[in-house]
Amino acid sequence: MVRARIPNDMNTPVTLQSIYQRLYDYYGPQHWWPGDSPFEVMVGAVLTQNTAWTNVEKAIANLQEHAALDPAAIMAASGDDLADWLRPSGYFNVKASRLQHLCRWYLEAGGYAALARMDTVALRQALLCVHGVGPETADDILLYAFERPVFVIDAYTRRLFARLGLFEGSEPYEGMRSRVEGSLGADVGLFNEFHALIVRHAKEVCRVRPLCAGCELSACCPGCDSDLAD
DNA sequence: ACCCAGGGTCATA
DNA sequence: TATGACCATGGG
């Protein structure tokens with residue numbers, strides 16, 4: 001089916017900056033990432049792969065109960081125990097393996113302080129070499145655990161930017177990321193809020209009942225399909 | 001009962 | 001390069 005582009009108010013062109021401004025004005029700061037430490041952010045980034053955050057919170061709570069929200073403790077745990085603690089977040093066998101791969105890398109690299117001394121490009125390459133860490137998980141970690149100016153491209157971001165006509169939507173990850181970063185300019189605070197706002201807008205609002213007319217970002221979410229004339 | 005969720009790996013063409 | 005199968009729980 002052919003999607004009609006919903007015109008924004010006036011004829012002002014939609015830009016990345018204008019999208020951010022509208023989201024921020026409407027929702028305000030989101031205070032991401034919800035984690036108490038950089039390491040907890042890293043764990044959360046793996047556990048939330050294709051998984052609702054509410055389920056991730058339960059798994060993280062299980063880790064805390066077993067004093068296992070710690071890289072050495074995760075390495076010391078048996079795969080079966082770890083998988084059992086991760087059960088609520090789904091894919092528990094896969095994620096148990098991925099967490100141990102991440103922790104082995106983290107410890108062998110010398111921990112957070114050592115990793116924080118690496119430049120962003122090298123750190124990103126290193127993360128992508130960890131089994132179970134793909135581009136989006138790596139960028140979550142870079143932005144929210146290491147505070148590097150890296151823009152996270154997730155499914156929501158693709159859908160929003162595509163529906164607003166800024167991207168085709170099926171571009172390769174790297175191409176889309178570099179275009180966005182080049183357009184916005186390296187800004188950790190901006191990238192942090194923007195990604196969080198996109199997720200907030202995609203789930204909490206549109207799903208309950210579209211406020212899309214109110215927030216002036218029509219056609220940006222699944223619930224907005226009915227607003228689209230074909 | 002069905003759909004989706006803050007993806008990634010691996011096999012195949 | 002680009003699909004498809006697979007991983008698995010929990011909420012709407």
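Because the structure is predicted, anything quoted here is derived from the model rather than measured. Chain letters run A, B, ... following the sequence lines, proteins first and then strands; every chain starts at 1.
Residue A:Y156 places its side chain closer to B:dG6 than to any other of B:dG7, B:dG6, C:dA8. Comparing B:dG6, B:dA5, C:dA8 by their nearest atom to the side chain of A:F92 picks out C:dA8. In this structure, of C:dT9, B:dC10, B:dG7, it is B:dC10 that holds the atom nearest to the side chain of A:H131. You'll find that the side chain of A:P34 is closest to B:dG6, out of B:dG6, C:dG10, B:dG8.
Neither OP1 nor OP2 of C:dC7 sits under 4.0 Å from any side-chain N or O of A:N50. For A:K58, no side-chain nitrogen or oxygen approaches OP1 or OP2 of C:dA8 to under 4.0 Å. In this model, the phosphate group of B:dG8 is approached by a side-chain N or O of A:T137 to a distance below 4.0 Å at OP1 or OP2.
Here A:V46 lies out of heavy-atom contact (under 4.0 Å) with every strand. Within the 4.0 angstrom heavy-atom criterion, no nucleotide atom of any strand lies near A:H195. Within 4.0 Å of A:P172, counting heavy atoms only, lies no atom of the nucleic acid at all.
You cannot call A:Y91 stacked on the base of B:dG8; the centres under 5.5 Å and planes under 30° rule is not satisfied. Stacking here means ring centres nearer than 5.5 Å and ring planes tilted less than 30 degrees, and by that measure A:W53 does not stack onto B:dA5.
Nearest-nucleotide mapping onto DNA chain B: of A:V130 and A:N55, the residue sitting toward the 5' end is A:N55.
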Would you list the protein and nucleotides 11-13 of chain B atom pairs, both N or O, that sit under 3.5 Å from each other?
none

Original post:
Can A:L166 and A:L160 be said to form a side-chain contact (heavy atoms from CB on, under 4.5 Å), step by step?
Top reply: CA-CA 9 Å; A:L166 291 170; A:L160 176 64; over 6 Å; no

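Remark: A:D84 engages A:R87 in a salt bridge, criterion side-chain N to carboxylate O under 4.0 Å. Salt bridge absent: A:R148 and A:D139 never bring a charged side-chain N and a carboxylate O closer than 4.0 Å. Under 4.0 Å is where a charged nitrogen must lie from a carboxylate oxygen, and between A:R158 and A:E136 no such pair does. Taking the charged nitrogens against the carboxylate oxygens, A:E181 and A:R177 do have a contact shorter than 4.0 Å, which makes a salt bridge.
Between the CG atom of A:D140 and the P atom of B:dG7 there is a distance of 8 Å, rounded to whole Å. In this entry the distance linking CD of A:E57 with C1' of B:dA5 reads 14 Å, nearest Å. Going from atom CG of A:L102 over to atom P of B:dT9 covers 12 Å, rounded to whole Å. Atom-to-atom, CD of A:Q49 to P of B:dT9 comes out at 8 Å; the value is rounded to the nearest Å.
Rounded to a whole angstrom, the distance from the P atom of B:dG6 to that of C:dC6 is 24 Å. One P atom belongs to B:dC4, the other to C:dA5, and the distance between them is 16 Å to the nearest Å.
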**OP:** Would you sketch DNA chain C in dot-bracket for me? Only Watson-Crick or G-U wobble pairs with both distances under 3.5 Å count, crossing pairs as [ ], other-strand pairs as |, the rest as dots.
**Re:** |||||||.||||

